[in-house]
Engineer: 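Below: one structure in structure tokens.
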Amino acid sequence: QVQVAESGGGLVQAGGSLLLSCTVSGLNFNDHAMGWFRQTPEKEREGVGCIPWDSGNTWYPASVKGRFTISRDNSRNTVYLLMKSLKPEDTAMYYCAAGRALSLAEQWYQDWGQGTQVTVSS
């Protein structure tokens with residue numbers, strides 16, 4: 001059974017930083033691209049970073065490029081999202097997912113975590 005578990009969310013002031021972690025079990029981590037997504041009640045789920053199995057080219061949307069960095073440690077089956085210069089509009093539930101294709105589109109990802117809440121105060 002595949003398990004995806006996010007951690008590291010919390011409350012942070014605008015301009016601050018936060019490091020999210022996601023640990024995966026039950027699948028061959030090295031065979032999968034990994035993605036981070038976020039969602040609020042008002043918006044559709046948005047991809048905020050993705051990374052291939054070999055930590056090659058990473059992709060980000062314009063809304064977070066230069067502020068968010070995705071990385072992975074295949075020896076620990078863990079993917080990270082370092083978020084800097086956080087803004088109130090970054091407030092959302094953040095999800096990690098494993099997929100077979102490198103994409104910021106959620107339909108390419110099959111295994112999802114329960115999410116971790118990030119709240120940025122102004």
Side-chain angles (χ1 to χ4, degrees):
Q1 182 178 357
V2 178
Q3 292 188 326
V4 180
E6 303 95 338
S7 61
L11 175 64
V12 62
Q13 286 190 332
S17 300
L18 210 56
L19 176 66
L20 304 183
S21 300
C22 170
T23 301
V24 181
S25 62
L27 56 72
N28 189 343
F29 188 71
N30 291 9
D31 281 346
H32 289 75
M34 295 298 300
W36 282 98
F37 298 80
R38 66 185 180 187
Q39 188 171 23
T40 66
E42 298 78 25
K43 294 183 180 180
E44 292 184 355
R45 191 147 53 184
E46 171 192 26
V48 294
C50 60
I51 187 168
W53 71 272
D54 62 354
S55 300
N57 290 335
T58 54
W59 292 1
Y60 307 92
S63 58
V64 307
K65 196 169 186 178
R67 299 188 299 120
F68 288 14
T69 302
I70 188 171
S71 61
R72 65 190 291 164
D73 184 343
N74 287 352
S75 69
R76 297 177 182 270
N77 282 18
T78 301
V79 62
Y80 304 96
L81 185 69
L82 177 61
M83 305 184 293
K84 296 182 177 179
S85 302
L86 283 162
K87 306 174 182 180
E89 51 264 44
D90 294 318
T91 295
M93 184 70 77
Y94 282 72
Y95 298 90
C96 170
R100 285 290 189 174
L102 185 67
S103 174
L104 290 172
E106 62 176 300
Q107 62 261 35
W108 293 101
Y109 293 82
Q110 298 80 42
D111 298 294
W112 293 79
Q114 296 298 308
T116 185
Q117 178 67 37
V118 172
T119 303
V120 184
S121 64
S122 56

Engineer: So which heavy atom on Leu102 is nearest to which on Trp59, and how close?
Structural biologist: O-CZ3, 3.6 Å

Engineer: Would you please name every residue forming a ring-ring contact (aromatic ring centres under 6.0 Å, His included) with Tyr109, sequence neighbours left out?
Structural biologist: Phe37

Engineer: Looking only at heavy atoms, what is the nearest atom pair of Leu20 and Gly9, with distance?
Structural biologist: CD2-N, 3.6 Å

Engineer: Less than 4.5 Å apart, any side-chain heavy atom of Asp111 and any of Val24?
Structural biologist: no

Engineer: Report the residues that fulfil side-chain contact (heavy atoms from CB on, under 4.5 Å) with Ser25, sequence neighbours left out, ordered by chain and then residue number.
Structural biologist: Gln3

Engineer: Which residues satisfy the side-chain contact (heavy atoms from CB on, under 4.5 Å) test with Ala14, sequence neighbours excluded?
Structural biologist: Pro88, Val120

Engineer: Can you list everything that forms a disulfide bond (SG atoms under 2.5 Å apart) with Cys50? Sequence neighbours excluded, please.
Structural biologist: none

Engineer: Would you mind listing every salt bridge (charged side-chain N to carboxylate O under 4.0 Å, His left out) that reaches into residues 63-82, with sequence neighbours excluded?
Structural biologist: Arg67-Asp90, Asp73-Arg76

Engineer: Could you list all the salt bridge (charged side-chain N to carboxylate O under 4.0 Å, His left out) pairs where at least one residue sits in residues 15-37, not counting sequence neighbours?
Structural biologist: none

Engineer: If you measure from CD1 on Ile70 to CE on Met83, what distance do you get to the nearest 0.5 Å?
Structural biologist: 11.5 Å

Engineer: Once salt bridge (charged side-chain N to carboxylate O under 4.0 Å, His left out) is applied, what residue pairs with a partner in residues 94-108 remain, sequence neighbours excluded?
Structural biologist: Arg45-Glu106

Engineer: For the backbone of Phe29 and the side chain of Asn74, can you confirm whether one donor and one acceptor N or O come within less than 3.5 Å of each other?
Structural biologist: no

Engineer: So, using side-chain hydrogen bond (donor to acceptor under 3.5 Å, both in side chains) as the criterion, who are the partners of Thr91 when residues are at least two apart?
Structural biologist: none

Engineer: Could you tell me the separation between the CG atom of Leu18 and the OG1 atom of Thr116, rounded to the nearest 0.5 Å?
Structural biologist: 8.0 Å

Engineer: Apply the test side chain to side chain contact (heavy atoms under 4.5 Å, CB included) to residues Ser121 and Leu11: give CA-CA distance (whole Å), side-chain angles for both, the deciding distance (0.1 Å), then the verdict.
Structural biologist: CA-CA 7 Å; Ser121 64; Leu11 175 64; 4.3 Å; yes

Engineer: Could you work out, with side-chain contact (heavy atoms from CB on, under 4.5 Å) as the rule, every residue matching Thr23, not counting sequence neighbours?
Structural biologist: Thr78

Engineer: Using the test side-chain contact (heavy atoms from CB on, under 4.5 Å), find all partners of Ala105 that sit at least two apart in sequence or belong to another chain.
Structural biologist: Ser103, Gln107, Trp108

Engineer: Do the side chains of Val64 and Leu82 join up, straight or via other hydrophobic residues, at under 4.5 Å, putting them in one cluster?
Structural biologist: no

Engineer: With sequence neighbours excluded, tell me which residues meet side-chain hydrogen bond (donor to acceptor under 3.5 Å, both in side chains) with Thr69.
Structural biologist: none

Engineer: Please say whether more than 12 non-hydrogen atoms of neighbouring residues, nucleotides or ligands are located less than 6.0 Å from CD in Gln117.
Structural biologist: yes

Engineer: Taking CG in Asp54 as the centre, count heavy atoms belonging to other residues, nucleotides or ligands within less than 6.0 Å. Is the count above 12?
Structural biologist: yes

Engineer: Shortest non-hydrogen contact from Val2 to Leu27?
Structural biologist: CG1-CD2, 3.6 Å

Engineer: Could you pull out all residues at least two apart from Glu89 that satisfy salt bridge (charged side-chain N to carboxylate O under 4.0 Å, His left out)?
Structural biologist: none

Engineer: Do side-chain atoms of Tyr95 reach the backbone of Gln39 as a donor and acceptor pair under 3.5 angstrom?
Structural biologist: no

Engineer: How far does OG of Ser7 sit from OH of Tyr94, to the nearest 0.5 angstrom?
Structural biologist: 15.0 Å

Engineer: Hey, is the main chain of Arg38 close enough, under 3.5 Å, to the side chain of Glu46 for a donor-acceptor pair?
Structural biologist: no

Engineer: Kindly compute the distance separating OH (Tyr80) from CE (Met34), expressed to the nearest 0.5 Å.
Structural biologist: 11.5 Å

Engineer: Where is the tightest heavy-atom contact between Cys96 and Val79, given as atom of each residue plus distance?
Structural biologist: SG-CG1, 3.5 Å

Engineer: How many angstroms lie between atom CG of Asn28 and atom CH2 of Trp53, to the nearest 0.5 angstrom?
Structural biologist: 10.5 Å

Engineer: Got a second to check how far Thr119's OG1 is from Met93's CE, nearest 0.5 Å?
Structural biologist: 9.0 Å

Engineer: I need the minimum non-hydrogen distance between Pro61 and Gly49, along with the two atoms involved.
Structural biologist: CD-N, 4.5 Å

Engineer: Could you please spell out the steps behind the side chain to side chain contact (heavy atoms under 4.5 Å, CB included) verdict for Trp112 and Val4?
Structural biologist: CA-CA 6 Å; Trp112 293 79; Val4 180; over 6 Å; no

